[in-house]
Amino acid sequence: KYGMSVPANKVVTIEFQSAYNPSTFDWTAADRFRQPNERNIFQTLFKEVRAAANATFDGVLGAMMDRRPTLQDTKNGYFFADKVASALVIAPTNAVQFLA
């Protein structure tokens with residue numbers, strides 16, 4: 001597991017360059033530092049093509065959006081296309097898990 005600090009209201013991306021791409025990938029925010037309505041877009045770029053992906057938010061299956069999320073959106077949601085999984089996480093939600 002890796003830890004990193006990121007500012008609120010920004011897009012955060014990780015790209016897998018190796019032959020091994022995990023089928024499950026978690027993003028978790030530290031709840032004690034997040035203020036209500038702070039948001040981040042977490043993006044995972046997969047090297048391998050995935051047939052589909054879904055996301056859970058704090059353990060609950062999320063809604064797939066019809067386009068990539070933006071920081072102006074008002075609800076948690078995710079989008080998957082072109083080997084990129086993107087999820088908008090708005091506090092008080094603290095975690096998203098991609099399953100691809």
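Only heavy atoms go into these numbers, but all of them, side chains included; no hydrogens, no water, no symmetry mates. Quick note: residue numbers are just sequence positions, from 1.
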**Prompt:** In the single-linkage hydrophobic clustering (I, L, V, M, F, W, Y; side-chain heavy atoms under 4.5 Å), do F42 and L71 co-cluster?
**Reply:** no
**Prompt:** If every non-hydrogen atom of L88 is compared with every non-hydrogen atom of K75, which pair is closest and at what distance?
**Reply:** CD2-O, 3.5 Å
**Request:** Determine the minimum heavy-atom distance between S86 and V84, stating which atoms define it.
**Result:** OG-CG1, 3.7 Å
**For R67 against D73, the heavy-atom pair lying closest together** = NH2-OD1, 2.7 Å
**Prompt:** So, for L61 and A55, which heavy atoms are closest and what is the spacing to 0.1 Å?
**Reply:** CD1-O, 3.5 Å
**Message:** Using side chain to side chain contact (heavy atoms under 4.5 Å, CB included), reason through M65 and Y78 one step at a time and then give a plain yes or no.
**Reply:** CA-CA 6 Å; M65 303 171 87; Y78 74 98; over 6 Å; no
**Request:** Kindly assign one of parallel, tilted or perpendicular to the pair F80 and F46, based on the angle between their ring planes and the thresholds 30° and 60°.
**Result:** perpendicular
**Complete:** Rounding to 0.5 Å, atoms NZ (K10) and CD1 (I41) come to a distance of 11.5 Å
**Request:** Spell out, yes or no, whether L45 and L99 are grouped together once hydrophobic residues are joined by side-chain heavy atoms under 4.5 Å, including indirect joins.
**Result:** no
**Item:** Single-linkage hydrophobic cluster, 4.5 Å side-chain cutoff, F57 and I90 together
**Value:** no
**Prompt:** Would you say the side-chain atoms of D58 pair up with the backbone N or O of N94, donor to acceptor, closer than 3.5 Å?
**Reply:** yes
**Request:** Could you tell me whether the side chain of N40 and the main chain of V11 form a donor-acceptor pair under 3.5 Å?
**Result:** no
**Prompt:** Mind checking whether I14 and V96 sit in one hydrophobic cluster, side chains of I, L, V, M, F, W, Y counted as touching below 4.5 Å?
**Reply:** yes
